[in-house]
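Data first, discussion second: the structure below is written as structure tokens.
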Number of protein chains: 2
Amino acid sequence: MVSRAEREEDSSHVQSNRIMKKAFASEPSGQPVSSSAGIAEGLARAIHEHRLAPGTKLGEDDIGDVYGVSRTVVRAALQELAHDKLVDIRRHRGAFVAQPSIREAREVFEARALLEPRTARSAAERARAADVALLRAHIEAEHRALDDRDIGAALRLSGLFHVEISKIADQHIIARFIEGLIAQSSLIIALYWQRASALCEQHAHHALLEAIAANDGARAEELMQSHLIDVLSALDLRDRPVHDVSLKEVLLGRD
Amino acid sequence: MVSRAEREEDSSHVQSNRIMKKAFASEPSGQPVSSSAGIAEGLARAIHEHRLAPGTKLGEDDIGDVYGVSRTVVRAALQELAHDKLVDIRRHRGAFVAQPSIREAREVFEARALLEPRTARSAAERARAADVALLRAHIEAEHRALDDRDIGAALRLSGLFHVEISKIADQHIIARFIEGLIAQSSLIIALYWQRASALCEQHAHHALLEAIAANDGARAEELMQSHLIDVLSALDLRDRPVHDVSLKEVLLGRD
DNA sequence: AGGCGAGAAATTGTATACAAAATCCAGTCT
DNA sequence: AGACTGGATTTTGTATACAATTTCTCGCCT
């Protein structure tokens with residue numbers, strides 16, 4: 001039996017570990033996170049920022065090594081992410097970054113279309129100066145990320161903008177729903193995005209901000225609706241056989 | 001050090017265990033469940049049926065004894081329930097059946113009001129004969145439960161009726177949201193219900209069924225909306241200091 | 001009597017040990 | 001060569017051991 005410390009140095013199996021290490025090399029890391037929730041957050045962030053691609057295997061030992069905790073804690077984090085549909089756990093197989101099907105992708109956007117426009121409306125109706133300032137700062141951060149060519153951060157912030165709006169509406173439960181849907185949207189974008197530019201959103205977010213700042217609920221609702229349609233139309237959700245990774249699995253007789 | 005088998009027989013500490021044992025004495029128990037998901041389901045069911053009251057402590061060892069598994073598995077189940085807001089986990093304190101605040105209760109019903117009427121509409125528009133038959137069987141089961149004076153089962157079935165409708169709408173994500181909201185509603189009813197009769201729902205569910213059977217989407221949407229208002233109006237969500245159970249706990253230090 | 005505090009008991013949080021299943025890999029056979 | 005088999009290896013699932021923290025209890029003091 002070999003101890004974990006020795007295994008870490010063993011040069012032959014570091015392959016999969018490298019993916020994790022790389023995905024977390026540029027982690028902001030204020031202080032070393034070690035709680036289950038902190039690890040889930042770190043992984044979720046990596047998924048948001050497309051540092052971890054859909055289908056990536058998330059080995060318990062690998063993650064444990066990165067964060068310096070035992071599998072017990074990692075497991076709790078992975079189960080949390082599985083609940084949020086960001087991770088797919090297959091019994092005795094392990095955890096993988098989820099790969100939402102086209103059908104699931106459609107459902108995510110249908111749910112967003114149901115929730116977000118109305119939420120934007122009440123956000124606009126309730127927004128106070130401080131809220132607007134927060135959103136404005138948010139858009140600026142998005143802009144900076146784009147200037148820095150930090151696509152990952154830009155993606156994450158772009159999603160967070162929607163979450164921020166839902167929080168202004170002061171409906172915590174709905175806000176949580178939306179948060180989850182946006183997280184999944186990030187995976188959907190990773191899988192099905194077909195347009196080169198993500199810049200189209202800049203304008204949309206700005207327009208939304210203006211409507212909210214003017215407390216124009218009806219306009220905010222409208223804008224959000226068309227914004228979502230825009231994003232959806234930038235996806236390629238046409239039926240097609242199966243995606244790469246799962247296809248391979250199907251052909252080899254494993255699902 | 002005392003083994004777990006011995007502790008089980010030790011008559012001095014069985015107190016809290018008894019609550020769990022009693023709550024699960026009448027479990028349907030087709031076959032002995034032992035998976036984490038199965039335990040979560042069992043606990044959720046017990047909460048639905050008001051066999052476990054809000055505020056009840058859910059000791060890991062107690063549950064483990066009931067299901068014959070180690071704390072590892074119980075823990076996973078409790079974390080899942082915590083994610084669904086059915087259980088409140090306080091670090092180093094343990095897991096308790098959640099006690100939604102009045103504010104949370106209001107938000108749950110606001111979310112339901114946002115989601116369910118529209119969902120009922122599309123359910124009505126899509127419903128086929130088989131779906132209607134399922135709903136009809138469901139209502140009959142509700143009726144039987146009430147005849148048997150099995151209030152717990154009646155409550156659970158009453159909630160399941162709503163879940164069933166959302167499933168007919170064929171929007172899995174929204175259906176899951178609604179499922180979670182209904183589970184929480186069960187806790188809210190346990191805490192804030194003020195009317196004696198639960199029979200009022202019988203009629204409402206029947207009317208909904210008719211609208212759905214007739215594929216009358218607009219009517220289903222309307223009926224669902226007023227049904228939710230009815231249920232909400234049967235709750236006492238006026239602000240008030242603190243509820244009994246937690247108060248008792250504070251005063252006696254134990255439940 | 002009632003509040004306080006120190007130690008005991010119990011409970012949760014985390015790591016590790018062991019079991020079970022899946023994956024990998026070499027060697028064999030067609 | 002390629003498919004297949006059987007063991008070695010890796011990885012996950014569960015139980016247990018130990019550490020950290022809270023809760024309980026009882027004696028003490030004012």
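Being a predicted model, the structure only gives us computed values, none of them experimental. Naming convention: chains lettered A, B, ... in sequence-line order (proteins, then strands); numbering from 1 in each chain.
- Closest to the side chain of Thr72(B), from the set dT22(D), dA15(C), dA15(D), is dA15(D).
- When atom types are taken as modelled, the side chain of Glu164(B) and the backbone of Phe161(B) share no donor-acceptor pair closer than 3.5 angstrom.
- Between the CG atom of Asp62(B) and the P atom of dT11(C) there is a distance of 7 Å, rounded to whole Å.
- What separates CD of Glu60(B) from P of dA20(D) is a distance of 18 Å, to the nearest Å.
- Ion pairing of Glu107(A) with Arg103(A) is present here, as a side-chain N (NZ or NE/NH1/NH2) and a carboxylate O approach within less than 4.0 Å.
- Neither OP1 nor OP2 of dT21(D) sits under 4.0 Å from any side-chain N or O of Arg90(B).
- Looking at which nucleotide of DNA chain C each of His92(A) and Gly59(B) is closest to, the 5′-most match is held by Gly59(B).
- When the C1' atom of dT14(D) is taken as reference, atom CD1 of Ile39(B) falls 11 Å away, rounded to whole Å.
- Smallest separation of non-hydrogen atoms from Ile178(B) and Ser166(B): CD1-CB, 3.7 Å.
- Here Lys57(B) does not reach the OP1 or OP2 of dT22(D): none of its side-chain N or O atoms lies under 4.0 Å away.
- Of the candidates Glu49(A), His50(A), His48(A), Glu49(A) is the only one forming a side chain to side chain donor-acceptor pair (under 3.5 Å) with Arg156(A).
- If you measure from atom CZ of Arg71(A) to atom P of dT16(C), you get 12 Å, rounded to the nearest angstrom.
- Closest to the side chain of Asp61(A), from the set dT14(C), dT12(D), dT23(D), is dT12(D).
- Of the candidate nucleotides dA22(C), dA15(C), dA15(D), dA22(C) has the atom lying nearest to any side-chain atom of Arg93(A).
- Across the protein-nucleic acid pair, Ile89(B) atom CD1 and dT21(D) atom P stand 18 Å apart, rounded to whole Å.
- Minimum atom distance to the side chain of Val73(A) is reached by dT14(C), of the listed dT14(D), dT21(D), dT14(C).
- Rounded to an integer number of Å, the gap from Ile63(A) CD1 to dT10(D) P is 19 Å.
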